[in-house]
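Lettering follows sequence order; numbering is per chain, from 1. Source: prediction; values computed, not measured.
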Amino acid sequence: DVKVTQSSRYLVKRTGEKVFLECVQDMDHENMFWYRQDPGLGLRLIYFSYDVKMKEKGDIPEGYSVSREKKERFSLILESASTNQTSMYLCASGSYFQNQPQHFGDGTRLSIL
Amino acid sequence: QQQVKQSPQSLIVQKGGISIINCAYENTAFDYFPWYQQFPGKGPALLIAIRPDVSEKKEGRFTISFNKSAKQFSLHIMDSQPGDSATYFCAASAVGSGGGADGLTFGKGTHLIIQP
């Protein structure tokens, strides 16, 4: 089975901190994605990457950056955390081809105080 | 990426009944339409997906109906069971600029409750 592992299930940080969310996949997938999930808003794409050191902006990239130094690992960075970034963050991986499923981790619930 | 509109927000169905969730999209470049199922505390998991060259796809009790001209697609769950109680998301994607997969655009979700 595909496994997408997010390093933390729950995280509490303070306003202004630099926050790192880590994600690792074990299926040698080319593509990796970061979404945030908010009640009533569904999932929204923040950033994705289709190769090492490559990144593409999603729908809501403001306030975030990403890093992909190795194929299996994709990090989401909140440069200066703000309270409106309190959310559930979901990482996903998938093959290069569009009609293949994206596999999700179980999420990191991030609270910014 | 443009919006995918999903309805209803919540749905209560009796055990054994048919659950129907609808989605509509605007971006005609979308050509892959998956449905995801999410249980509390878990990430979404792919349930079933369809390409626009077919009008219907069935896997067990789950069926996607697709109407390309209306830019609408729907999920039908036949013989709904209490274990189907979950949040369901429709999604859509287009081929990315590099020729591979692009990110998914999700609907806002439907909270489905199947009453025993």
Could you see if F66(B) belongs to whatever hydrophobic cluster contains I20(B)? Use Ile, Leu, Val, Met, Phe, Trp, Tyr and a side-chain cutoff under 4.5 Å. no
Give a yes or no on this: more than 12 heavy atoms of other residues, nucleotides or ligands lie within 6.0 Å of atom CZ of R14(A). no
Tell me, do L104(B) and Q102(A) make a side-chain contact under 4.5 Å, heavy atoms counted? yes
In terms of heavy-atom proximity below 4.5 Å to chain B, should Q37(A) be classed as side chain, backbone, both, or neither? side chain
Residue Q9(B) excluded, over 12 heavy atoms near CD under 6.0 Å: no
Hphob cluster co-occupancy, Y88(B) + Y25(B), side-chain heavy atoms under 4.5 angstrom: yes
Can you list every disulfide (SG to SG under 2.5 Å) pair that touches residues 56-95 of chain B, not counting sequence neighbours? C23(B)-C90(B)
Chain A contact residues among residues 107-116 of chain B, heavy-atom distance under 4.5 Å: G107(B), K108(B)
Within residues 34-42 of chain B, residues adjacent to chain A where the heavy-atom gap is under 4.5 Å: Y36(B), Q38(B), G41(B), K42(B)
Might you point out which heavy atoms bring D106(A) and G43(B) nearest each other, and give the distance in Å? OD1-N, 3.0 Å
Contact class of R109(A) relative to chain B, heavy atoms under 4.5 angstrom: neither
Please state whether the side chain, the backbone, both or neither of L43(A) comes within less than 4.5 Å of a heavy atom of chain B. both
Hydrophobic clusters here meaning ILVMFWY residues chained together by side-chain heavy-atom distances under 4.5 Å, can you tell me if Y10(A) and M88(A) are in one? no
If I compare all heavy atoms of L45(A) with all of G103(B), which pair ends up nearest, and what's the gap? CD2-CA, 3.6 Å
Indicate if L11(B) and F62(B) have the same hydrophobic cluster label, given that clusters are the connected sets of ILVMFWY residues with side-chain heavy-atom separations under 4.5 angstrom. yes
Are L76(A) and V4(A) connected, step by step, through hydrophobic side chains (Ile, Leu, Val, Met, Phe, Trp, Tyr) whose heavy atoms are closer than 4.5 Å? no
CG (L46(B)) and NE2 (H103(A)) are apart, to the nearest 0.5 Å, by 7.5 Å
Short question: side chain of Y35(A), backbone of F106(B) - any donor-acceptor pair under 3.5 Å? no
For D79(B), which residues count as a side chain to side chain donor-acceptor pair (under 3.5 Å) partner, sequence neighbours excluded? Q81(B)
